[in-house]
Amino acid sequence: MMIQQSLFSASLALLLTFFYTTISAQLSPVQTPTTSPTIPKLPPSSPQATPPGMNIVPLVPVSPNGAPTPTIAKAPTIDIVQILKKAKRFSTLIRLLKTTQLINQLNSQLVTSGSGGLTIFAPDDSAFSKVKAGFLNSLNDGEKVELLQFHTLSSFISISNFDTLTNPVQTQAGDDPKRLQLNVTTYGGSQVRMTTGAVNATVTGTVYADNKLAIFRVDKVLLPLDVVLPKPKAPAPAPAKGGSPKSDSSADKSGDDNKNTNDDDGAVPVDTSAGYVSFKVHVLLMPFVHLLLLLQL
């Protein structure tokens with residue numbers, strides 16, 4: 001009995017010692033290392049290291065003062081010549097627009113803020129072939145510009161809105177109804193005919209149309225009335241003041257000299273071809289004739 005109690009006491013002492021050691025090890029503080037690892041610091045001015053494969057360009061550019069730079073969307077540019085080139089059959093019209101440099105004004109007008117747009121009546125090459133030969137070459141630069149402006153309206157007109165125009169329609173060439181009259185008539189809502197007093201033309205199709213520019217193909221060149229009508233002849237220059245021409249004055253002077261000479265002599269010129277004597281000689285002989293008649297009596 002005594003031996004069992006001794007074994008029990010020894011086992012209990014060993015078990016208590018084991019638990020005490022384990023609990024003491026868990027509750028004891030972990031010793032920190034005496035020296036911490038040194039982390040290299042970058043200088044303030046050097047860029048921070050970037051992991052490979054990452055884009056470092058900012059999505060929004062920053063201006064020097066720190067404010068984000070606003071992105072301004074560019075307005076789309078419209079080139080009338082490029083539109084006509086893609087449509088083809090407008091080589092003569094393109095040449096006129098370039099040689100007169102009117103194309104620069106029209107393109108800039110399209111991008112001007114507040115502009116109402118443009119409507120262009122574009123004669124194709126077959127329309128220019130109907131004009132008499134040498135007509136375009138007979139025009140000076142100013143007349144060519146006016147001819148092109150006569151085909152242009154300073155507003156956008158769709159094919160279905162021509163019935164809203166008031167005749168005569170004012171073009172970029174001017175508003176003189178006697179010289180530059182353009183009357184527009186619509187039929188069936190989509191058929192458009194035009195007359196200038198000299199030419200009757202028809203819109204045969206749409207070349208280009210958006211909310212700013214409309215280009216319509218016409219079958220004839222729109223000739224202003226004053227181009228077709230004969231121009232009045234220039235009046236003859238008035239004679240210079242201060243006398244008549246030299247030849248006339250010489251003749252008058254010669255006549256005056258002859259007149260003065262005849263007045264001084266008191267006789268008329270002798271017509272030798274008829275056999276007459278001068279009046280002066282006749283007067284001188286009359287007394288002698290009367291004297292002879294008296295002597296005979």
Side-chain angles (χ1 to χ4, degrees), residues 78 80 83-84 87 89-90 92-94 96-97 100 102-103 105-132 135-136 138-232:
I78 302 176
I80 297 174
I83 294 174
L84 294 175
R89 74 181 70 179
F90 293 99
T92 305
L93 179 60
I94 292 173
L96 283 174
L97 288 171
T100 59
L102 184 64
I103 186 61
Q105 175 184 338
L106 297 179
N107 284 335
S108 62
Q109 186 174 345
L110 289 174
V111 297
T112 302
S113 59
S115 172
L118 288 175
T119 299
I120 299 176
F121 302 112
D124 55 13
D125 293 336
S126 63
F128 278 101
S129 66
K130 298 175 184 177
V131 181
K132 65 179 181 179
F135 168 73
L136 293 179
S138 66
L139 302 178
N140 56 38
D141 293 340
E143 291 171 338
K144 290 179 181 177
V145 170
E146 184 180 78
L147 179 64
L148 293 174
Q149 290 177 335
F150 192 58
H151 290 72
T152 308
L153 307 183
S154 299
S155 60
F156 170 77
I157 305 295
S158 64
I159 193 66
S160 59
N161 289 336
F162 275 100
D163 56 351
T164 62
L165 296 176
T166 303
N167 291 323
V169 179
Q170 182 174 349
T171 66
Q172 287 193 349
D175 56 353
D176 188 351
K178 296 181 179 179
R179 297 178 51 250
L180 306 167
Q181 55 175 316
L182 177 63
N183 297 311
V184 177
T185 307
T186 59
Y187 299 90
S190 60
Q191 297 182 359
V192 181
R193 297 179 182 177
M194 291 168 289
T195 178
T196 67
V199 174
N200 297 324
T202 303
V203 175
T204 58
T206 302
V207 179
Y208 180 87
D210 58 11
N211 58 354
K212 197 75 173 178
L213 172 66
I215 302 178
F216 300 105
R217 180 160 52 95
V218 292
D219 61 346
K220 293 182 182 178
V221 179
L222 304 180
L223 299 177
L225 186 61
D226 62 339
V227 173
V228 179
L229 294 178
K231 297 181 180 180

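Everything numeric here is computed off the predicted structure, so don't read it as measured data. Atom set for the values below is all heavy atoms of this structure, side chains included, hydrogens, waters and symmetry mates excluded.
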Grab the two heavy atoms, one from [X] and one from [Y], that are nearest each other, plus how far apart they are.
{"X": "Leu153", "Y": "Gln170", "answer": "CD2-O, 3.7 Å"}
{"X": "Ala173", "Y": "Leu180", "answer": "O-CD1, 3.5 Å"}
{"X": "Val221", "Y": "Pro123", "answer": "CG2-CB, 4.0 Å"}
{"X": "Tyr187", "Y": "Arg193", "answer": "CE1-CD, 3.6 Å"}
{"X": "Thr119", "Y": "Ser155", "answer": "OG1-O, 2.6 Å"}

Rounded distance [0.5 Å steps], [atom1] in [X] versus [atom2] in [Y]:
{"X": "Leu96", "Y": "Ile103", "atom1": "CG", "atom2": "CD1", "result": "11.5 Å"}
{"X": "Thr202", "Y": "Lys220", "atom1": "OG1", "atom2": "NZ", "result": "7.5 Å"}
{"X": "Phe135", "Y": "Leu223", "atom1": "CZ", "atom2": "CG", "result": "5.0 Å"}

Just by distance, do the side chain of [X] and the backbone of [Y] share a donor-acceptor pair under 3.5 Å?
{"X": "Thr171", "Y": "Thr152", "value": "no"}
{"X": "Gln105", "Y": "Leu102", "value": "no"}
{"X": "Thr204", "Y": "Arg217", "value": "yes"}
{"X": "Lys130", "Y": "Asp219", "value": "yes"}
{"X": "His151", "Y": "Leu222", "value": "yes"}

Who passes side chain to side chain contact (heavy atoms under 4.5 Å, CB included) against [X], sequence neighbours left out?
{"X": "Ser154", "value": "Gln109, Gln172"}
{"X": "Ser160", "value": "Ser158"}
{"X": "Asn167", "value": "Val169, Asn183, Val184"}
{"X": "Arg179", "value": "Glu146, Asp176, Asp226"}

For this session: For Asp141, look at atom CG and say whether over 12 heavy atoms of other residues, nucleotides or ligands are found less than 6.0 Å away.
Result: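 Counting other residues, nucleotides and ligands, CG of Asp141 stays at 12 neighbours or fewer.
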For this session: Side-chain contact test, heavy atoms from C-beta onward, threshold under 4.5 Å: evaluate it for Pro224 versus Thr196 and give yes or no.
Result: no
Problem set entry | Asn161 and its side chain to side chain contact (heavy atoms under 4.5 Å, CB included) partner, picked from Ile159, Leu165, Thr164 | Thr164
Problem set entry | Residues forming a ring-ring contact (aromatic ring centres under 6.0 Å, His included) with Phe128, sequence neighbours excluded | none
Exercise. Among pairs that include at least one residue of residues 198-222, which meet ring-ring contact (aromatic ring centres under 6.0 Å, His included), considering only residues two or more places apart or in two chains?
Worked result: Phe162-Phe216
